[in-house]
Amino acid sequence: MKKILALILSLAMLTAMAVSLAACSDAEEEQVQVGIVLPTKDEPRWLQDEASFKDALDKAGFTSEVLFSQGKSDVELSNVEALIEKGVKVLVISPQDAVAAGAAVNKAKAAGITVVSYDRLITGTDAVDYYVTFDSFAVGVAQGNYLIEAYKDKTGVPLYIYSGAVTDNNAFIFFAGAWSVLNKAVADGQFVVENCPAIADYTGKALDAEKDHETLATILGTITTNWDPAVAKTLAESNLVAANADAKGDVAILAPNDPTARAIADAFTADSAITSYVVTGQDAEMASLKYIQEGKQSMTVWKDTSVLCPVTCDLVSAVLNGETPKTTTTYNNQVKDVPSAECSVTVVTKDKLAELISAGSFDQSKIDAAK
Ligand code: BGC
């Protein structure tokens, strides 16, 4: 009997040892230094970031994991919780919703993790340590200036304006950038805004993305695409139904990014009273480069993620080495001035695109294959 008991006991001990060894090696395998959370897989923009991150982080020799929030703040929160569980030292996060993401990064911060807001700023919390971004104001300025230049010396040109999601801090900055130049062109009579009565009081007046946040939220609320091409198309169609004949003909369209630009362009193409349009974009998605070559989109603003990700990586590297990362500016997130690293953007038109293809920056076969 004693022998049997001893045997059972030693079997139990062996099992316990095996279980704890397995747990230990799981923990080792799971050791992730840098966690990256991106808004959605459904837009090529964020897949570019994923690919550039994998490349840059592999080169830097960090272990990392990229998770997508699929447009949902609750998925984003569980992604962050999973990364905290895996012991990440740095969290790089592009929020789905600037305010809602506060809850997730507060948790990360409480767990001793350094938080880097990536491309989109998380607002209303002091838990954001750094911000890495493209110059979003310059994106808007480039879009606005393109329209102004395209209709140089013309007056009374119908202008249709659209914005990104009001849950995205960038949408405010893009619009403020565009309006910083368009407001004067409207005051000078070059353009007539056709689809946004809420902006009338700001003819000849610039709006500040931080100081005029509430005013901008009201204005953007009337022209938002929510970053969704389907919403953009429906909104453009209803604007066109409401517009009378003198609001048609040759028109200018401020579209916030590439997927919405293509949707809005398609809606304008379908209206026989639109003789021609000039439409802006952003992101240099392959499908939009194709539209540019076909003359269906006028420009895009290329934000090269193979530049932004290595900049982020350098910052992460400094943090992991216990150094203070180099930053170039600050962005206020309504609670603090967040030390930020900012990257520049490139305007892409049909001619510029031909140059960039020759230089090897874009691949014609990928543009041809785009849907
Ligand atoms: C990004 C854009 C992108 C948009 C929609 C913005 O925050 O800066 O590049 O097109 O979100 O995902």
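Atoms within a ligand are numbered from 1 in the order they appear, just like the ligands themselves.
- Between the side chains of Thr260 and Thr225, no donor-acceptor pair is found at a separation under 3.5 Å.
- Here is the list of ligand 1 atoms found below 4.0 Å of a heavy atom in Arg45: 1 (C), 2 (C), 8 (O), 9 (O).
- In terms of protein heavy-atom proximity, atom 10 (O) of ligand 1 is closest to Asp283 OD2, 2.5 Å.
- Salt bridge status for Asp55 with Lys59: present, with a side-chain N to carboxylate O gap under 4.0 Å.
- Note on ring orientation: taking the six-membered ring where Trp is involved, the planes of Tyr118 and Phe53 are tilted (angle from 30° to 60°).
- Between Thr224 and Asn226, the side chains place no donor N or O within less than 3.5 Å of an acceptor N or O (distance only, hydrogens not considered).
- Under the 4.5 Å side-chain criterion, counting only non-hydrogen atoms from C-beta, Glu342 is not in contact with Tyr131.
- Heavy-atom contacts of Arg120 reach the following atoms of ligand 1: 4 (C), 5 (C), 6 (C), 7 (O), 11 (O), 12 (O) (cutoff under 4.0 Å).
- Less than 4.0 angstrom separates some heavy atom of Asp168 from each of these atoms of ligand 1: 6 (C), 7 (O), 11 (O).
- Scanning the protein for heavy atoms near atom 4 (C) of ligand 1, the closest one is Trp227 CE2, 3.5 Å.
- Nearest-heavy-atom check against atom 5 (C) of ligand 1 across Glu43, Gln96, Glu285 picks out Glu43.
- Shown here for Lys352 and Thr346, the closest heavy-atom pair between the two residues is CE-CG2, 4.0 Å.
- Contact atoms of ligand 1 toward Phe174: 8 (O) (distance under 4.0 Å to a heavy atom of the residue).
- Residue contacts with ligand 1: Phe134 is excluded, as none of its non-hydrogen atoms falls under 4.0 Å.
- A salt bridge does not link Asp266 to Lys233: none of the charged nitrogens lies less than 4.0 Å from a carboxylate oxygen.
- Interface of Asp119 with ligand 1, defined as ligand atoms under 4.0 Å from a residue heavy atom, comprises 1 (C), 7 (O), 8 (O).
- Near Trp46, meaning under 4.0 Å from one of its heavy atoms, ligand 1 places the atoms 1 (C), 11 (O), 12 (O).
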